[in-house]
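One structure below.
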2 protein chains.
Amino acid sequence: MTLHRQSLILTEACPIRDVLDRLGDRWTVLVLHELAAGTLRFSELRKRIADISPRMLAQTLRHLEQDGLVKRDVFPTVPPRVDYTLTALGTSFFERVEMLARWAAENHEAVKAARRAYVAPAANAPK
Amino acid sequence: MTLHRQSLILTEACPIRDVLDRLGDRWTVLVLHELAAGTLRFSELRKRIADISPRMLAQTLRHLEQDGLVKRDVFPTVPPRVDYTLTALGTSFFERVEMLARWAAENHEAVKAARRAYVAPAANAPK
DNA sequence: CTGCATCCATAGGGATACTG
DNA sequence: CAGTATCCCTATGGATGCAG
């Protein structure tokens, strides 16, 4: 979701985009969801999300870590072990995301019904 | 954001994805934001969002209409006129999105600070 | 185990031109 | 005015292989 030109609240400086962009990718919400239950290591996350590739999991975690939503703990053991935990910031963020998720759950039927009822506009003027 | 395999809450039947996917694209939130202030016609939306192409605006509006978040009113006049208005469903949805936006505004500094402070993990074991 | 590097397929979305 | 049709380019992300 790269931005080329400018627009009112669409600027890179715009907090809304800055945050919501992360919700756009396929995995961020899933990872937050799993971590919300408690600390997990890399491999545990892989097992729980199942169809995420290591590449995508690592990338998603890097982003979350960069934004200060997730803390990364490396144990210099053999074999290596890395724990991921939501920070306070991450928790508070996920709370809001959950509110949206709750809305989705509550209104999913209405949305699906609207989709079923939908008929494509006849180009112009329905006569 | 197409889904190929399956996953816990990642199924197509999953309300969370079903809703959040729409937040992923570049324009949905912007359009909702503009319509939250009141009914607008196609050209008015174009003017307000400025750098959206007619193609993308039409597509975004179709999606919102399909999901029952936006109502489309066609006036068979010459020249044609089409009004877009948030439905009750759309309004209630946008309220939740706004909560996220508010979080983003409040915590943007913290996020930016985290990004500045971030240093890439040294491959493994920080020693 | 953790994860980076590489290669590649695909879909989202920009620019433009054209119609009812 | 309100879109649609077309072309094309780029970023996202899947698969794989390698490394600390």
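Below, each value reflects all heavy atoms present in this structure, side chains not excepted, and no hydrogens, waters or symmetry copies. The sequence lines fix the lettering, A, B, ..., with proteins before strands; numbering per chain opens at 1.
- Counting to the nearest Å, the C1' atom of dG20(C) and the CZ atom of Phe42(B) are 14 Å from each other.
- Between Tyr84(A) and dG3(C) there is a side-chain polar atom (N or O) within less than 4.0 angstrom of OP1 or OP2.
- Backbone-only contact: Arg41(A) has heavy atoms under 4.0 Å from sugar-phosphate atoms and none from a base.
- At a threshold of 4.0 Å, the pair Lys47(A)-Glu44(A) does not count as salt-bridged, since none of the basic side-chain nitrogens sits closer than that to a carboxylate oxygen.
- Remark: P of dG3(C) and CH2 of Trp27(A) are 17 Å apart, rounded to the nearest angstrom.
- Phe75(B) has its side chain within reach of Asp83(B): a pair of non-hydrogen atoms, C-beta onward, lies under 4.5 Å apart.
- Put simply, Ser43(B) has a side-chain N or O that comes within less than 4.0 Å of OP1 or OP2 on dA2(D).
- For the OP1/OP2 pair of dG17(D) and a distance below 4.0 Å, the side-chain nitrogens and oxygens of Arg55(A) include no atom meeting the criterion.
- When distances are taken from the side chain of Val82(B) to each of dG3(C), dG3(D), dG13(D), the shortest belongs to dG3(D).
- Of the candidate nucleotides dC4(C), dG14(C), dC1(D), dC4(C) has the atom lying nearest to any side-chain atom of Ala58(A).
- No contact: Arg46(A) has no heavy atom under 4.0 Å from any strand.
- Here Ser53(A) does not reach the OP1 or OP2 of dG13(D): none of its side-chain N or O atoms lies under 4.0 Å away.
- At most 12 heavy atoms of other shown residues, nucleotides or ligands fall within 6.0 angstrom of atom CE in Met99(B).
- With rounding to whole Å, Lys47(B) atom NZ is found 9 Å from dA2(D) atom P.
- Using a 4.5 Å heavy-atom threshold, the side chains of Trp103(B) and Leu89(A) count as touching.
- Closest contact between the side chain of Arg72(A) and the listed nucleotides dT2(C), dG13(D), dG3(D) involves dT2(C).
- Map Gln59(A) and Pro79(A) each onto its nearest nucleotide of DNA chain C; the residue landing nearer the 5' end is Pro79(A).
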